[in-house]
Amino acid sequence: MTGKRKTFDLLGRSIAFFNQRSRDWTHLYQWDNNGSTLSNAGCGIFSLCHCAQWLTGREENPEFWADFSCQNGGRGDDGTDRPALLHALQATVEAAKLGFRYEEDGLRNDLDTLYDMLLHEQGVAMCNLRVGHIVTLVAAREQDGIRQVLAIDSYSESASEKVRDHVIEVIPGSEITYVVKNASGLPVGENMAYGAFWVDASLPRDFNLLHRL
């Protein structure tokens with residue numbers, strides 16, 4: 001129901017949010033000519049664009065970076081190969097244009113390093129909150145003794161059964177409305193989720209650190 005793109009405020013910044021749930025993201029993002037599009041396989045590309053926008057203030061073009069990923073080894077058999085894509089960006093100096101430096105420290109699970117980096121605004125991260133889906137982390141805070149990180153999630157999985165119990169606060173204005181279908185693929189209603197939310201800082205897994213220039 002919500003279109004391809006939505007703008008909302010996040011910690012005093014205007015964010016152009018790319019809504020992966022929109023079926024209008026028809027640009028191909030293929031592995032072995034499998035017909036995949038940004039809508040069904042582009043979470044890594046949308047995450048990269050959200051990272052870059054947070055660091056530079058510029059809105060990026062997901063279609064351009066999807067093509068770059070496919071042409072430079074960043075498209076793997078199960079989606080975006082983050083270490084390979086980030087290596088290619090760093091090697092071709094495109095990373096600097098996107099506002100970050102990648103130090104080949106990919107798929108890490110050092111939660112203290114991640115938290116400190118986000119808390120002190122030294123960079124951002126691409127990570128998994130659940131297996132198989134990439135989101136962006138942009139900030140950190142501690143409230144009531146609980147460390148938290150702020151996620152921008154192109155597929156707005158604040159209500160997903162694998163994420164929702166860790167969501168501490170959703171961001172007003174980041175609502176995404178989408179059609180709910182039954183087992184036969186027929187529309188039976190609509191639902192709403194949030195594209196940005198605070199989660200427990202213990203949740204992120206397999207993250208790549210993008211160091212601010």
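All of these numbers come straight from a predicted model, not from anything done at the bench.
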TODO: Carefully, step by step, assess Ile15 and Thr7 under the rule side-chain contact (heavy atoms from CB on, under 4.5 Å).
DONE: CA-CA 5 Å; Ile15 295 297; Thr7 301; over 6 Å; no
Is it the case that the side chain of [X] and the backbone of [Y] share a donor-acceptor pair, with hydrogens and angles ignored and the cut-off at 3.5 Å?
X      : Y      : answer
Asn72  : Phe68  : yes
Thr2   : Thr177 : yes
Asn19  : Lys4   : no
Ser69  : Gly74  : yes
Thr136 : His50  : no
Asp153 : Tyr155 : yes
Asn40  : Thr37  : yes
Asp32  : Asn34  : no

How many angstroms lie between [atom1] in [X] and [atom2] in [Y], if you round to the nearest 0.5 Å?
X      : Y      : atom1 : atom2 : answer
Cys51  : Ile152 : SG    : CD1   : 8.0 Å
Leu86  : Gln90  : CG    : CD    : 9.0 Å
Leu38  : Phe18  : CG    : CZ    : 10.0 Å
Ser156 : Lys6   : OG    : NZ    : 10.0 Å
Glu103 : Arg101 : CD    : CZ    : 4.0 Å
Arg108 : Asp105 : CZ    : CG    : 5.0 Å

Task: Cation over ring face, Arg75 and Tyr29, 6.0 Å, 45° - done: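 Yes.
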Open item on the list: Is the terminal nitrogen or CZ of Arg21 (NZ for Lys, CZ for Arg) located under 6.0 angstrom from the six-membered ring centre of Tyr178 and within 45° of that ring's axis?
Closed with: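 Judged by the rule (NZ or CZ under 6.0 Å from the ring centre, within 45° of its axis), Arg21 counts as positioned above Tyr178.
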Task: Pairing residues for Glu60 by the side-chain contact (heavy atoms from CB on, under 4.5 Å) criterion, not counting sequence neighbours - done: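 Here the qualifying residues are Cys49, Ala52, Arg58, Trp65, Leu98.
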Task: Whether Phe17 and Phe8 hold their rings parallel, tilted or perpendicular, with breakpoints at 30° and 60° - done: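 Phe17 vs Phe8 ring planes: tilted.
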- [ ] Salt-bridge test for Arg130 and Glu157: reply yes if a basic N is under 4.0 Å from a carboxylate O, no otherwise.
- [x]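 Judged by the 4.0 Å cut-off on N to carboxylate O distance, Arg130 and Glu157 do form a salt bridge.
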Open item on the list: Quick check on the 6.0 Å ring-centre criterion: do Tyr102 and His87 meet it?
Closed with: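 When the ring centroids of Tyr102 and His87 are compared, they turn out to be at least 6.0 Å apart.
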Task: Exercise: do Asn128 and Arg205 side chains pair donor with acceptor under 3.5 Å - done: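 Looking only at side-chain atoms, Arg205 and Asn128 do not form any donor-acceptor pair under 3.5 Å.
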TODO: For Asp206 and Asn109, test the side chains for any donor-to-acceptor distance below 3.5 angstrom and give the result as yes or no.
DONE: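 A pair is found: one side chain offers a donor N or O, the other an acceptor, under 3.5 Å apart.
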TODO: Spell out, yes or no, whether Trp198 and Val167 are grouped together once hydrophobic residues are joined by side-chain heavy atoms under 4.5 Å, including indirect joins.
DONE: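 Trp198 does not cluster with Val167.
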Open item on the list: Just so I know, are the side chains of Leu137 and Leu150 near enough to count as touching, which here means a heavy-atom distance under 4.5 Å?
Closed with: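 No - every pair of side-chain heavy atoms lies 4.5 Å or more apart.
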